[in-house]
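See structure below.
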Amino acid sequence: MHKEKILVIGASGQIGVELTLALRKMYGAAQVVAADLREQNPLLAGTGPYVSLDVMNKEMLHVQVIRQNITQIYLLAAILSATGEKNPSLAWNLNMQGLLNVLDIAREEKLSKVFWPSSIAVFGPSSPRINCPQQTIIEPTTIYGISKYAGEFWCHYYWQRYGVDVRSIRYPGLISYKSEPGGGTTDYAVEIYHEALAKQSYNCFLKEDTYLPMMYMPDAIRATTELMEAAAERIAIRNSYNLSAMSFSPAEIAASIKRQLSAFSISYRPDYRQAIADSWPQSIDDSVARRDWGWKPQYDLDAMTEDMLLNLG
Ligand code: NAD
Ligand code: AKB
């Protein structure tokens, strides 16, 4: 039996909803407290405890952690790449201060584990574009990528200096049907399925040959829980693990949809998000995650398309 009591901060977001539901299955509904700036979430209603909370308010966060006997925190609250470019100082403040508040409380309250996601956005134009390795040149050019890379160093620092068991994954772009994506550059790969079913057509904000690393949400949730359940001595990387499942372009995801919905068509009108996408690698080498804690993805593009269309249809 697990004795852990988990706080998921940012539980109403694209990942948060599905992660909260998965953790509730694993640990029991009462053991997983969902927390978000948003007052409620219909997808989580009736599935377990929910509190409205601002991760920037350290005192209130600390009170919740003590009051609810929290032993683990999953911190998902952040501003993503596209929204971040519209308001860089807001993105920096939330992404950094939110993490520092959680790491400090984890140290003070001797929490057993912390999960904090990084992103493939840490990589920049000087990183290898194909099979980008775990350790390489990392010079991000978006404020989101800068905040994630700085956050990785803070995670490593709190582990090395204070022994906080913080674990992290550099998620690729995530595709899901339950909860809307929250302002990223890879969001097109979610929108395209919605519009394929609603209108049989999609106008894409990236160019047709823009390859990016991507992953279907069930793989991302499984990766997260497998990393968090792994024995501490297997976690050699304390900044953040590269993680990979597939890499495709808008033209390829469109072709995959067309194989199932023959009337579907795509057009292209690239906007400011093209420059963000062009600064990231096209594919990721995740051999270190595979070696250390046995990571292996299950979904490829066509399997994901079939499942997305089935669940959205
Ligand atoms: P999202 O934008 O969908 O959700 C973030 C949630 O945080 C929202 O529900 C929002 O209301 C909440 N939030 C915002 N400010 C808050 C605050 N001050 N206090 C409490 N809650 C607050 O994001 P997501 O896609 O679920 O991403 C979660 C994490 O995973 C982020 O750190 C993101 O950088 C990372 N990530 C996501 C992806 C992806 O493709 N979704 C890829 C790589 C990394
Ligand atoms: C984004 O596009 O900002 C996110 C990410 C890859 O971190 N999906």
Side-chain angles (χ1 to χ4, degrees), residues 7-20 33-41 43-44 50-58 60-61 64 73-87 90-91 93-99 101-102 114-123 140 142-149 151-152 155 168-176 178-191 205-206 210 212-217 219-221 223-224 240-245 247 272-277 279-282 284:
L7 182 66
V8 182
I9 305 172
S12 280
Q14 189 195 5
I15 302 173
V17 165
E18 299 206 35
L19 190 57
T20 300
V33 181
D36 202 287
L37 208 50
R38 302 187 219 187
E39 301 250 315
Q40 54 174 330
N41 187 308
L43 294 167
L44 294 175
Y50 189 101
V51 294
S52 173
L53 171 156
D54 183 352
V55 72
M56 298 295 275
N57 187 335
K58 189 176 173 191
M60 290 304 291
L61 176 60
Q64 281 291 346
I73 296 180
Y74 287 64
L75 171 58
L76 304 172
I79 289 180
L80 279 73
S81 60
T83 310
E85 290 312 295
K86 291 185 181 153
N87 197 337
L90 188 70
N93 285 340
L94 173 63
N95 296 3
M96 277 302 89
Q97 199 55 53
L99 175 59
N101 288 349
V102 166
V114 172
F115 176 78
W116 172 83
S118 183
S119 163
I120 53 113
V122 293
F123 299 114
T142 62
I143 191 61
Y144 175 63
I146 294 169
S147 72
K148 287 294 181 189
Y149 199 35
E152 290 189 5
C155 290
S168 178
I169 284 171
R170 290 172 180 155
Y171 288 132
L174 300 180
I175 293 119
S176 64
K178 279 197 184 135
S179 193
E180 299 277 305
T185 303
T186 59
D187 292 7
Y188 90 85
V190 179
E191 288 171 13
F205 59 75
L206 297 182
T210 310
L212 286 172
M214 299 281 194
M215 179 176 284
Y216 195 32
M217 190 62 86
D219 271 342
I221 299 298
T224 308
S240 191
Y241 277 100
N242 274 14
L243 199 70
S244 171
S247 166
Y272 71 100
R273 289 168 280 194
Q274 185 65 46
I276 301 175
S279 77
W280 293 346
Q282 297 184 341
I284 298 290

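Because only heavy atoms are used, hydrogens play no part in the values below, and waters and symmetry mates are left out as well, while side chains stay in. Because the structure is a prediction, the values reported are computed rather than measured. In each ligand, atom 1 is the first atom listed, and ligand 1 is the first ligand listed.
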Who pairs with Y216 by ring-ring contact (aromatic ring centres under 6.0 Å, His included), at least two apart in sequence or on another chain? Y299
Is there side-chain contact between M214 and I175, with heavy atoms separated by less than 4.5 Å? yes
Among protein heavy atoms, which lies nearest atom 19 (N) of ligand 1, and at what distance? V55 N, 2.9 Å
Geometric N/O contact R38 with ligand 1, under 3.5 angstrom: yes
Test your reading of the structure: does D36 have an N or O sitting under 3.5 Å from an N or O of ligand 1? yes
Nearest heavy-atom approach of I143 to A91 is CG2-CB, 4.0 Å
Give the atoms of ligand 1, by number and element, whose distance to some non-hydrogen atom of D54 is under 4.0 Å. 17 (C), 18 (N), 19 (N)
Consider every N or O of I15 and every N or O of ligand 1, then say whether any pair is closer than 3.5 Å. yes
Please tell me if the side chains of V8 and L76 come closer than 4.5 Å, counting only heavy atoms from C-beta onward. yes
Location of contacts on S179 toward ligand 1, heavy atoms closer than 4.0 Å: neither
Heavy atom to atom 15 (N) of ligand 1, shortest distance: which of L94, I169, L53 holds it? L94
Among non-hydrogen protein atoms, atom 31 (C) of ligand 1 lies closest to L76 O, 3.3 Å
Any idea which protein heavy atom is nearest atom 22 (C) of ligand 1, and the distance to it? A77 CB, 3.4 Å
Proximal ligand 1 atoms for P172, defined as those under 4.0 Å from one of its heavy atoms: 40 (O), 42 (C), 43 (C)
Consider only side-chain N and O atoms of Y50 and T20, and report whether a donor and an acceptor are under 3.5 Å apart. no
Who gets closest to atom 25 (O) of ligand 1 by heavy atom: Q14, E180, E18? Q14
Does some non-hydrogen atom of K148 fall short of 4.0 Å from ligand 1? yes
Please name the pair of heavy atoms, one in L212 and one in P281, separated by the smallest distance, quoted to 0.1 Å. CD2-O, 4.0 Å
Pairwise distance CG(L174) to OG(S176) - rounded to 0.5 angstrom: 7.5 Å
Which of these, K148, R170, E152, sits in a side-chain hydrogen bond (donor to acceptor under 3.5 Å, both in side chains) with S118? E152
Min N/O separation L80 to ligand 1 under 3.5 Å: no
Dump the intermediate steps for side-chain contact (heavy atoms from CB on, under 4.5 Å) on L61 and L53, then the final yes or no. CA-CA 7 Å; L61 176 60; L53 171 156; 4.0 Å; yes
Mind checking whether Y144 has a heavy atom under 4.0 Å from ligand 1? yes
Compare all side-chain heavy atoms of D187 with those of R273 and state whether any distance is below 4.5 angstrom. no
Close side-chain approach of V55 to L75, heavy-atom, < 4.5 Å: yes
Whether over 12 other heavy atoms sit under 6.0 Å from M56 CE: yes
Minimum heavy-atom separation for G13 to D36, with atom names? N-OD2, 4.0 Å
Quick one: ligand 2 N/O to protein N/O pairs below 3.5 Å?
| from | atom 1 | to | atom 2 | distance (Å) |
| --- | --- | --- | --- | --- |
| ligand 2 | 2 (O) | S81 | OG | 3.4 |
| ligand 2 | 2 (O) | T185 | N | 2.7 |
| ligand 2 | 2 (O) | T186 | N | 3.1 |
| ligand 2 | 2 (O) | T186 | OG1 | 3.4 |
| ligand 2 | 3 (O) | S81 | N | 3.1 |
| ligand 2 | 3 (O) | S81 | OG | 2.5 |
| ligand 2 | 7 (O) | S119 | OG | 2.6 |
| ligand 2 | 7 (O) | Y144 | OH | 2.8 |
| ligand 2 | 8 (N) | T186 | OG1 | 2.8 |

Is there a side-chain contact between L99 and C155 (heavy atoms, below 4.5 Å)? yes
Looking only at distances, please establish whether an N/O atom of ligand 1 is found under 3.5 Å from an N/O atom of L174. yes
Which residue supplies the protein heavy atom nearest to atom 2 (O) of ligand 1, what is that atom called, and how far is it? G182 CA, 3.5 Å
For atom 44 (C) of ligand 1, which candidate among S12, G173, S118, P117 provides the closest heavy atom? S118
Which residue holds the protein heavy atom closest to atom 43 (C) of ligand 1, what is that atom called, and what is the gap in Å? Y171 CB, 3.3 Å
Can you tell me if G98 contacts ligand 1 (heavy atom of the residue under 4.0 Å from the ligand)? no
Can you name the closest pair of heavy atoms from P172 and M215 and give their distance? CG-CB, 3.9 Å
Taking ring-ring contact (aromatic ring centres under 6.0 Å, His included) as the test, write out the residues that go with Y74, two or more places apart. F115
Could you tell me which atoms of ligand 1, counted from 1 in the order shown, lie closer than 4.0 angstrom to a heavy atom of S119? 43 (C), 44 (C)
Please name all residues satisfying ring-ring contact (aromatic ring centres under 6.0 Å, His included) with Y188, sequence neighbours left out, ordered by chain then number. none
N/O to N/O below 3.5 Å, does that happen between L37 and ligand 1? yes
Would you check the N or O atoms of G13, main chain and side chain alike, for any that come under 3.5 Å of an N or O of ligand 1? yes
